[in-house]
Amino acid sequence: MVENKASKSSVILAIGGGFIQDLSTFVSHIFHRGIKWIFIPTTLLSQSDSCIGSKCGINVMHYKNQVGVFHAPVAIFIIEEFLETLSSIEKVSGLGEILKLSLTGENQFYSDFKNIVKNGSKLQNFLPLISQSLKAKKAIIEIDEYESNLRRVLNYGHSFGHALEAISNYKIPHGIAVLLGIDIINYLGTTWGITDVSYYLDIQKVIKNILKIESINIEIPKFETIELIEALKKDKKILNNRINFAVLKCPGYIEIISKEIDEQLFETVEEYLELSELFSIT
Ligand SMILES: NC(=O)c1ccc[n+]([C@@H]2O[C@H](COP(=O)([O-])OP(=O)(O)OC[C@H]3O[C@@H](n4cnc5c(N)ncnc54)[C@H](O)[C@@H]3O)[C@@H](O)[C@H]2O)c1
């Protein structure tokens with residue numbers, strides 16, 4: 001992060017992934033009550049998803065995104081060459097957010113993504129999806145920049161994803177936690193009669209293929225269901241013990257469903273964790 005002068009005319013140049021982006025958004029927002037910043041995202045996740053949307057989230061204690069502001073960079077430059085040095089885990093993590101965006105966007109996007117995952121593992125094959133992802137996200141944030149309504153669909157996979165990140169003490173990278181979070185909410189969606197079982201299984205197959213792509217080895221620490229539920233309760237969107245989940249009805253259509261964090265939710269999550277292969281294949 002480079003800052004030229006400590007004045008209102010200062011510009012921060014941020015080069016890095018989503019972590020650097022969150023930090024730069026926050027710092028440039030509070031410094032002199034707001035200065036300009038420019039972002040050069042260097043990870044697949046930040047190039048395809050986080051670089052647009054103006055948001056930042058800073059963790060407090062070990063809970064996710066408890067402090068945050070909206071403060072957009074004045075310019076973003078995407079330079080694909082940065083991705084050449086990315087580790088396998090960070091590539092797979094980027095695919096987590098791309099999968100999410102492919103399911104919020106037009107059906108063609110999800111089909112394209114699925115085919116690339118099935119046919120080839122080279123990062124090169126995924127590069128065309130960066131602009132498709134940004135287009136899908138732009139379509140949402142242009143309607144609802146400050147997340148009062150439609151933008152909440154972008155939380156798909158994130159409620160449980162954030163909880164998993166927190167209980168793993170951030171050993172599970174964000175995008176991989178989102179992949180696992182998508183599978184959990186899809187399962188819950190089937191039990192609520194919202195997500196068709198065929199979509200749950202189809203997306204689960206894609207998630208398994210993504211996790212196999214780079215032969216990564218992510219260790220998910222053993223945890224009890226209650227730990228996951230307690231971490232879920234720290235979600236900043238909880239109100240009166242209720243949480244708004246983004247639930248998939250079908251690819252391209254996500255509904256926001258308010259649910260109480262009660263015994264029934266606990267039991268369904270426990271049932272999922274007992275059945276799930278995803279928590280053992282990684
Ligand atoms: N503000 C938002 O809208 C938003 C959205 C999604 C995620 N996030 C946040 O972003 C973070 C995840 O971002 P990320 O996936 O970009 O990871 P990251 O920024 O945490 O970077 C992951 C690792 O990759 C390294 N790295 C970065 N660029 C590299 C390159 N070109 N070559 C080799 N190594 C490189 C970093 O040094 C780091 O070790 C999480 O903290 C998440 O909460 C923010």
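Just follow the structure's listing: the first ligand is 1, and inside any ligand the first atom is 1.
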Do you know which two heavy atoms are closest between Asn59 and Lys64, and how far apart they sit?
OD1-CA, 3.4 Å

Answer yes when Glu147 and Lys237 have at least one side-chain N-carboxylate O distance shorter than 4.0 Å, and no when they do not.
yes

Show the short N or O contacts, below 3.5 Å, that ligand 1 makes with protein N or O atoms; if there are none, say 'none'.
residue	atom	partner	partner atom	Å
ligand 1	1 (N)	Asp22	OD1	2.7
ligand 1	1 (N)	Lys55	O	2.9
ligand 1	13 (O)	Gly18	N	3.2
ligand 1	16 (O)	Gly18	N	2.7
ligand 1	16 (O)	Thr43	OG1	2.5
ligand 1	19 (O)	Gly18	N	3.0
ligand 1	19 (O)	Phe19	N	3.0
ligand 1	28 (N)	Thr42	OG1	2.7
ligand 1	31 (N)	Thr42	O	3.0
ligand 1	31 (N)	Phe82	O	2.8
ligand 1	32 (N)	Thr85	OG1	2.7
ligand 1	43 (O)	Lys64	NZ	2.6

Over 12 foreign heavy atoms within 6.0 Å of CZ, Phe19
no

Ring centroids only, cut at 6.0 angstrom: are Phe245 and Phe160 within range, meaning strictly under it?
yes

Cluster companions of Phe26 among Ile, Leu, Val, Met, Phe, Trp, Tyr (side-chain spacing under 4.5 Å)
Ile30, Ile58, Val60, Met61, Tyr63, Val67, Val69

For Ile238 and Leu232, work out which heavy atoms get closest and say how close.
CD1-O, 3.8 Å

